[in-house]
Amino acid sequence: MRTRARKDIAIARARTRKPSPTEGHAVAELTFGFWRYLLARRYQDNLWRLAVRHAFPHLQPQTRSVVEKPLISLHMLRNRIAHLEPVHRRDLLDDRQDILTVLGYICPDTRDWYQTGCRIPDTVKDRPHTR
């Protein structure tokens, strides 16, 4: 694992504010970017094959690049939102599809639950048209 990833893990452990954080505490503090970069090509032969692919049990065949693509897009969306940048000109229906795709790779029941309550299609339909 690269130095940056090790540093991210150390920061996550420190964020727990516990003298002896469990792995679960540290995992909960890791950033979305940390998880997104675990899907990078450089981890194909070690982390992906040994461990990370198991996080996507419904991805068939279990091809790293297939799940990496929508996660790159979602990571960019997350960063735009986190930095208070406008996202209204994005294709939010494509973003929603990326969310559904990744959730489906993890847990189809969760994907279905999310899809049932998702308001993105209605919001997009009702938004004013601007140039």
Side-chain angles (χ1 to χ4, degrees):
M1 190 173 291
R2 295 190 175 232
T3 304
R4 174 61 195 215
R6 291 182 195 282
K7 182 179 175 185
D8 288 346
I9 292 169
I11 290 169
R13 285 183 183 272
R15 268 196 219 124
T16 66
R17 297 182 187 167
K18 296 186 181 294
S20 299
T22 66
E23 287 83 7
H25 290 120
V27 165
E29 293 294 331
L30 290 167
T31 66
F32 187 51
F34 175 87
W35 296 107
R36 176 262 179 266
Y37 285 108
L38 282 184
L39 294 171
R41 183 181 306 155
R42 69 178 159 262
Y43 297 125
Q44 171 72 33
D45 293 328
N46 48 27
L47 291 177
W48 174 258
R49 290 192 187 181
L50 297 174
V52 176
R53 68 183 177 88
H54 298 294
F56 304 97
H58 300 279
L59 172 65
Q60 297 300 326
Q62 287 201 307
T63 307
R64 178 202 53 78
S65 61
V66 170
V67 72
E68 181 188 29
K69 185 179 180 207
L71 275 176
I72 289 171
S73 176
L74 292 173
H75 185 234
M76 290 171 43
L77 172 64
R78 178 257 169 228
N79 285 347
R80 298 296 68 80
I81 292 168
H83 295 284
L84 304 175
E85 295 175 17
V87 296
H88 65 280
R89 295 191 196 279
R90 291 178 60 95
D91 188 334
L92 297 173
L93 295 177
D94 280 353
D95 293 330
R96 176 181 176 266
Q97 186 56 52
D98 287 340
I99 294 167
L100 291 170
T101 297
V102 173
L103 283 175
Y105 296 153
I106 299 168
C107 176
D109 291 338
T110 302
R111 178 202 55 216
D112 294 347
W113 171 82
Y114 168 80
Q115 190 169 13
T116 300
C118 180
R119 297 180 46 211
I120 293 172
D122 292 334
T123 302
V124 168
K125 184 181 70 175
D126 292 342
R127 74 179 170 188
H129 296 286
T130 61
R131 291 183 179 196

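The shown structure was predicted, so the numbers you read here are calculated from the model rather than taken from an experiment. What you see below is based on every heavy atom in this structure, not just the backbone, and it leaves out hydrogens, waters and symmetry mates.
- Of all the heavy atoms in I106 and H58, the pair that sits closest is O-CD2, 3.4 Å.
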*Stepwise, does the side-chain contact (heavy atoms from CB on, under 4.5 Å) test hold for L100 with Q115?*
CA-CA 7 Å; L100 291 170; Q115 190 169 13; 3.8 Å; yes

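- Separating the CD atom in E23 from the CD1 atom in I9 is a distance of 10.5 Å, to the nearest 0.5 Å.
- Proximity of V66 to F56: side-chain heavy atoms (C-beta onward) are nowhere separated by under 4.5 Å.
- Rounding to the nearest 0.5 Å gives a distance of 8.0 Å between CD1 of I81 and CZ of R90.
- Hydrophobic cluster membership differs between Y37 and F34, with clusters built from Ile, Leu, Val, Met, Phe, Trp and Tyr side chains linked at under 4.5 angstrom.
- L71 is listed as a side-chain neighbour of F32, based on a closest heavy-atom distance under 4.5 Å.
- For R41, the CZ atom is loosely surrounded, since the number of other residues' heavy atoms within 6.0 Å does not exceed 12.
- Note on L74 and I72: separate hydrophobic clusters, where clusters join Ile, Leu, Val, Met, Phe, Trp and Tyr whose side-chain heavy atoms are under 4.5 Å apart, directly or indirectly.
- Side-chain contact between L92 and R127 is present, with heavy atoms from C-beta onward closer than 4.5 Å.
- Using a 4.5 Å cut-off on side-chain heavy atoms (C-beta onward), D91 and Q97 make no contact.
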_Test side-chain contact (heavy atoms from CB on, under 4.5 Å) on W35 and V52; report intermediate values, then the result._
CA-CA 9 Å; W35 296 107; V52 176; over 6 Å; no

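- Between I99 atom CD1 and R111 atom CZ the span is 13.5 Å, to the nearest 0.5 Å.
- At least one donor-acceptor pair closer than 3.5 Å links the side chain of H25 to the backbone N or O of T22.
- Placement of M76 and L93 in two distinct hydrophobic clusters is found when ILVMFWY residues are connected by side-chain heavy-atom separations under 4.5 Å, directly or transitively.
- For A12 against A26, the heavy-atom pair with the smallest separation is CB-O, 3.5 Å.
- Here the shortest heavy-atom pairing between R96 and Y114 reads CG-OH, 4.4 Å.
- The structure places CD of E68 at 9.5 Å from CD of Q44, a figure rounded to the nearest 0.5 Å.
- Summarising the geometry, atom CD belonging to E85 is positioned 11.0 Å from atom CG belonging to L77; distances are rounded to the nearest 0.5 Å.
- No side-chain donor-acceptor contact under 3.5 Å links S73 to the backbone of P70.
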*Please test R64 against R49 for side-chain contact (heavy atoms from CB on, under 4.5 Å), starting from the C-alpha separation and ending with a verdict.*
CA-CA 9 Å; R64 178 202 53 78; R49 290 192 187 181; over 6 Å; no

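- Crowding of R119 atom CZ: a count of heavy atoms from other residues, nucleotides or ligands under 6.0 Å not exceeding 12.
- The closest side-chain heavy-atom distance from H88 to P128 is not below 4.5 Å.
- Interatomic distance, D95 CG to I120 CD1, rounded to the nearest 0.5 Å: 7.5 Å.
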